[in-house]
Amino acid sequence: MAKIIVANWKMNPQTSKEAEQILVSYLKLVKGGRGKVKSSEIVICPPFVYLNSFRKKLQTPNSKLQIKLGAQDVFWEEEGAFTGEVSVKMISDLGCSHVIIGHSERRRYLNETDEMINKKVPVALKAGLKIILCVGEHHRENIHEIPKVVEEQVAAALNGVQKSHVGKIIIAYEPVWAIGTGTPDTPEGAMMAAVLIRKTAMNILGLAAKNLPVLYGGSVSALNVEKFISHDGIDGVLIGGASLDPEEFAKIVLSANS
Ligand code: PEP
């Protein structure tokens, strides 16, 4: 299966000029006329305000590279008096095929709860978006055991989701202690989590969730990406900090294709 590589730019960079510069340098590096980058699905999730210009840049006619656009969040209501929020239709209209839901920074700083996440999931799926659902524990006391909270977050987010939507669900295992710290989980830890996540998803969505893509995220870099993606059970990576450096991100993408 093609590996999935998701870039989460978070609230960076600060100007549209800088954002376009990063995207253009990155495109130059990965295209390189070698047609190498074919076997992975790349999704770039910039801040909402850059989506429109990114869509235009990614649609250039002779771009062989298939890069998809994702939003970093979406609201659960479809329209109306919800100041500051952004709807599924708005992000689809701006060319997004994917949306991140439940990132730990939103859970932490915006008090997003499992209930709120569970309201966003079906709305995004119904709109035809692919969701990248983020789950992960704050601390791990026993390195040989994935905390129950991971299972609980998956079960709560997918509760009531229609089985027919299984093909549009991607889950990113992102232990909070590994995000932005420079200390990634071990590939074995990520594998254990992926097994638990798929098992939990299968309890809700049935056998079709057996092949549900599970990504790893948390301090992934060009130096360690290979260790994660070389496992069959890890279907790709979600990258924060390293995705803002075009050279580093290009190296990660090329590793996933080698
Ligand atoms: C993230 O933002 O989800 C993330 C994994 O960040 P980083 O790669 O910087 O740890």
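Both counts, for ligands and for their atoms, begin at 1 and track the order of listing.
In summary, the atoms of ligand 1 found under 4.0 Å from a heavy atom of Gly218, numbered by their order in the structure, are 5 (C), 10 (O). Interface atoms of ligand 1 facing His103, defined by a heavy-atom separation under 4.0 Å, are 1 (C), 2 (O), 3 (O). Close approach of ligand 1 to Gly180 (heavy-atom distance below 4.0 Å) involves ligand atoms 7 (P), 9 (O), 10 (O). For ligand 1, the atoms closer than 4.0 angstrom to any heavy atom of Gly241 are 7 (P), 8 (O), 9 (O).
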| task | Would you sort out whether Lys68 and Glu41 count as a salt bridge (Lys or Arg N to Asp or Glu O under 4.0 Å), showing the intermediate values? | result | CA-CA 8 Å; Lys68 297 184 177 146; Glu41 186 173 336; 3.7 Å; yes
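The N/O atoms of Lys10, backbone and side chain alike, include one that comes under 3.5 Å of an N/O atom in ligand 1. The shortest N/O to N/O separation between Ile179 and ligand 1 does not fall below 3.5 Å. The shortest N or O to N or O distance between Thr181 and ligand 1 is not under 3.5 Å.
Using a distance-only test at 3.5 Å, with no hydrogens or angles considered, no donor-acceptor pair links the side chain of Asn203 to the main chain of Ala155. At least one donor-acceptor pair under 3.5 Å links the side chain of Asn224 to the backbone N or O of Ser221.
Gly102 and Ile117 make their closest contact through CA-CD1, 3.7 Å (heavy atoms, listed as atom of the first residue, atom of the second, distance). In plain terms, the two heavy atoms of Asp114 and Ala156 that are nearest each other are CB-CB, 3.6 Å. Closest non-hydrogen pair, Asn111 versus Met116, comes out as O-SD, 3.7 Å. The two residues Gln72 and Pro47 make their nearest non-hydrogen contact at NE2-N, 3.4 Å.
Protein heavy atom closest to atom 8 (O) of ligand 1, with residue, atom name and distance, is Gly240 N, 2.8 Å. Glu174 OE2, 3.1 Å is the protein heavy atom nearest to atom 5 (C) of ligand 1.
Using bins of under 30°, 30° to 60° and over 60° for the plane-to-plane angle, the ring pair Phe75/Phe82 lands in the tilted bin.
In Leu238, the parts holding a heavy atom less than 4.0 Å from any atom of ligand 1 are both the side chain and the backbone. Under 4.0 Å from ligand 1, the heavy atoms of Asn8 that appear belong solely to its side chain.
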